[in-house]
Structures are given as C-alpha cells and as structure tokens.
Amino acid sequence: MAVDGQATLQVPVVNIARLVALKSDQELNAALKNPDVPLTEIIDAIRAAATEWGFFYISNHGIAPEKIQALRSITRDFFALPKEVKNSTRRTPENHLGYFDSELTKNKTDWKEVFDYSGQHREADVPADGSYSLQPLASNVWLPEETLPGFKQTLREHYDTTEQIARRLLKVFAVALGKTPEFFDQFFYNGDEVEKGSSASMARLNYYPVAPEPGKTMGVYHHTDIVALTVLLQDDNVATLQVFHRKEQKWVFVPPIKDTFVINIGDSTQVWSNDKFVAPLHRVLATSEGDRYSIPLFYGPLFSANIEPIVVQTDEKPKYRPFNYGEFVLERAVGDYKDVGEEVQISHFRIEDEESP
Ligand code: OGA
Ligand code: NI
C-alpha cells in the first residue's frame with residue numbers, strides 16, 4: 001500500500017473557537033438548535049471530515065499552552081522513572097487501569113509503554129456496591145504523591161477538560177447526523193451515582209521509545225478505537241501517526257500541528273451513524289528518530305449501553321445487530337493480555353447483505 005505524503009490528501013483542521021466560546025452545555029444545546037447562531041460552519045466541516053476521514057484536527061480548543069506543556073513534561077517524567085516504580089502501578093487482568101508495557105493489538109506486541117487512568121468517579125474509594133455487573137476498568141492506580149508531585153492533579157485536570165471537549169463534539173456529531181444535540185447524552189456517564197461504575201471513558205499516556213529496528217515493529221499496529229470518539233494530544237516532534245484513507249486506499253501521515261488536538265471517530269459512532277461516519281483504521285509507526293509521547297482520551301459510552309444503528313433513514317436498513325458495549329469492551333480487554341485468536345471487531349456485528357431478506 002502506498003503512503004501519501006502529498007499536500008492534496010490531508011486530514012482537515014476544524015477551528016472550534018465558536019464552540020468553545022459557549023459557556024455551558026445548555027448554551028451549546030441552544031446554539032446548536034438555533035440556525036441563526038453561526039455554528040453551521042463547524043457542523044458542516046465536522047460532518048465532511050467524519051464522512052471522508054473519520055479524523056480531523058481541532059484548533060482553538062481553549063486549553064492553555066502552559067497546561068499542555070505541564071502535561072507533556074510530567075508524562076516524560078513518569079516514563080523516565082525506574083521500571084520497578086512504574087510497575088508499582090502495573091495493571092492486572094482484574095484492574096485495567098495503570099501502567100503496562102506490552103499491549104497486544106491485533107495479537108502483536110506494540111513498541112510502547114502506557115499508563116491508563118480515568119476520571120474522579122474511578123478513584124479507589126468508589127464503593128463497589130454491586131449496582132452494576134460489569135466493571136472491566138476498576139479503579140485508578142496512582143503513585144505516592146511524593147514520587148511524582150502533581151502527577152495525579154495534572155492528569156485529572158486534563159481528563160476533565162478533554163472530556164468536556166469530547167462531549168461537546170458529540171453534540172455536534174448528533175446535529176450533523178440530523179438528531180438533537182442532547183441525543184447521545186443517554187449513552188454517557190453524566191455524574192449519575194448509579195452509573196458510576198458503568199462509565200467507559202479512559203485516558204492514556206503513550207510512550208513510544210526509539211526502536212532500534214523500526215521496520216520490524218510498530219508503535220501501535222493498525223486498529224480502530226472502539227469508543228465514540230478519541231481526543232488525542234500528539235507529540236510535537238515525531239510524526240509517525242497514520243490514518244487509512246478508504247477511498248484512496250492509502251496510508252496518510254497525520255503530522256503534528258502545533259496547538260491542535262487530533263479527533264478520531266470510534267466504532268460506536270460508526271455503528272450509531274449506520275456507517276455515515278467512519279471509524280478509520282490508524283496506526284503508529286515505530287521510529288529510530290526519537291522517543292514519542294501521545295495522550296488520547298477515549299470517550300466511551302456506558303458499559304450498560306446497547307449500541308445499534310440509530311441514524312437510519314427511511315430508505316435504509318440497519319447495518320449492524322445491537323450489542324452490549326460492556327461485553328464488547330470486556331472481550332477486547334482480554335485480548336490485550338494474551339493471544340485469544342482473532343480479536344473481536346465491530347464487523348462481527350455487521351449484518352451481511354446476504355442475510356437481509
Ligand atoms: C491509540 C492510538 C495514536 C497515537 O492509542 O489508540 O491510536 O498517536 N494512538 O499515539
Ligand atoms: Ni487508536
């Protein structure tokens with residue numbers, strides 16, 4: 001497959017300043033319903049990007065550069081800690097949050113280390129009261145504060161701000177797909193006590209060390225993200241992220257652009273939209289050029305949510321069978337640890353044409 005480095009095939013940048021300027025979700029909901037408010041440009045740009053690429057950059061996202069610098073710097077500090085210190089937060093089959101250094105994607109080992117964490121609702125003091133049956137992500141695992149001062153607070157703040165961006169973008173997706181801005185709210189954690197344990201969103205620190213033989217491995221093998229959407233802070237220097245452009249059948253670089261985040265659509269949104277929005281294959285090449293760090297927020301629905309096509313026009317058929325999100329995540333998570341044969345993919349739920357009457 002050819003790799004396209006030409007200026008003609010580039011992931012678009014969407015300026016979301018007008019979205020960020022709205023002070024609350026209520027204001028945003030109202031603005032998205034009001035045709036006189038100039039969000040139309042953003043809606044149209046996001047619809048176009050989501051349809052063609054499933055990838056776009058956002059600029060003017062409102063997160064201060066100093067905050068981002070602090071986050072980058074503490075991320076480097078964490079991965080520079082001795083292995084045994086990192087391992088003190090190591091994730092286990094019972095608790096999928098924490099440090100890990102050998103994730104299997106498509107049953108191959110990625111050339112990277114990760115630290116996974118979630119929001120306030122995932123702290124260890126959250127009572128496991130049995131009000132939910134699926135708890136694949138369990139609790140946040142932190143280092144003692146004195147080991148890396150500010151780590152928890154910096155990460156938590158980043159989680160909260162990017163989650164807000166994700167929530168707002170999903171409102172735009174809803175409107176771009178012909179639904180109300182509140183439409184997807186029902187599938188997401190909104191602070192409701194009972195749903196605390198069912199929230200699937202998670203953030204990750206990725207560290208891709210220099211690879212001595214980059215041709216023989218990958219930072220992350222090709223995959224789609226299973227969530228609704230991902231808000232990714234890329235490395236400012238090392239350009240190894242690629243997205244597969246379906247129409248052109250080409251891998252295209254998604255180079256770092258200063259002061260932007262990269263958004264990509266996940267499987268859940270692809271299913272909800274009945275394939276109108278694409279969850280694109282993407283991958284990270286290994287490189288000998290330098291270490292790379294990236295920080296995605298995976299914005300996912302509740303484990304209890306049943307996912308099925310909901311944006312189906314009158315002349316269309318649903319292209320997927322309904323499936324429970326928690327069960328899907330759980331099956332995937334098992335595959336992160338050992339080779340369980342073919343990893344479960346969204347295509348598993350696809351209704352083949354020949355099955356239709
Ligand atoms: C991921 C991923 C991209 C990157 O973690 O799922 O696709 O640039 N990361 O690190
Ligand atoms: Ni990904």
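As the structure lists them, so they are numbered: ligands from 1, and atoms in each ligand from 1.
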Review point. For atom 9 (N) of ligand 1, which protein heavy atom lies nearest, and how many Å away is it?
Key: Tyr208 OH, 3.6 Å

Exercise for review: Among all protein heavy atoms, pick out the one at the shortest distance from atom 6 (O) of ligand 1; state its residue, atom name and that distance to 0.1 Å.
Suggested key: His223 NE2, 3.1 Å

Practice item. List every atom of ligand 1 that sits less than 4.0 Å from any heavy atom of Phe298, numbering the atoms from 1 in the order shown and giving each element. Key: 1 (C), 5 (O), 6 (O)

Point to revise | Numbered atoms and elements of ligand 1 in range of Val284, under 4.0 angstrom, heavy atoms | key: 3 (C), 4 (C), 8 (O), 10 (O)

Exercise for review: Check Asp225 and report its N/O/S atom nearest to the Ni ion (ligand 2), by atom name.
Suggested key: OD1

Practice item. Compute the shortest N/O to N/O distance between Ser294 and ligand 1 and return yes if it is under 3.5 Å, no if not. Key: yes

Looking only at heavy atoms, is any part of [X] under 4.0 Å from ligand 1, and if so is it the side chain, the backbone, or both, or is it neither?
| X | value |
| --- | --- |
| His282 | side chain |
| Asp225 | side chain |
| Arg292 | side chain |

Salt-bridge test for [X] and [Y]: reply yes if a basic N is under 4.0 Å from a carboxylate O, no otherwise.
| X | Y | answer |
| --- | --- | --- |
| Asp101 | Lys86 | no |
| Asp291 | Lys112 | no |
| Lys33 | Glu182 | yes |
| Glu157 | Lys152 | no |
| Arg167 | Asp25 | yes |

Review point. Which one of Leu232, Val114, Asn206 has a non-hydrogen atom at the shortest distance from atom 5 (O) of ligand 1?
Key: Asn206

Point to revise | Residue among Leu233, Asp235, Asn237 satisfying side chain to side chain contact (heavy atoms under 4.5 Å, CB included) with Tyr293 | key: Asp235

Check your understanding: Ser118 and Asn140: which non-hydrogen atoms are nearest, and at how many Å?
Key -> N-OD1, 2.6 Å

Check your understanding: Taking the non-hydrogen atoms of Arg283, is any one of them nearer than 4.0 angstrom to ligand 1?
Key -> no

Review point. Under 30°, 30 to 60°, or over 60°: which ring-plane class applies to His158 and Phe261, parallel, tilted or perpendicular?
Key: parallel

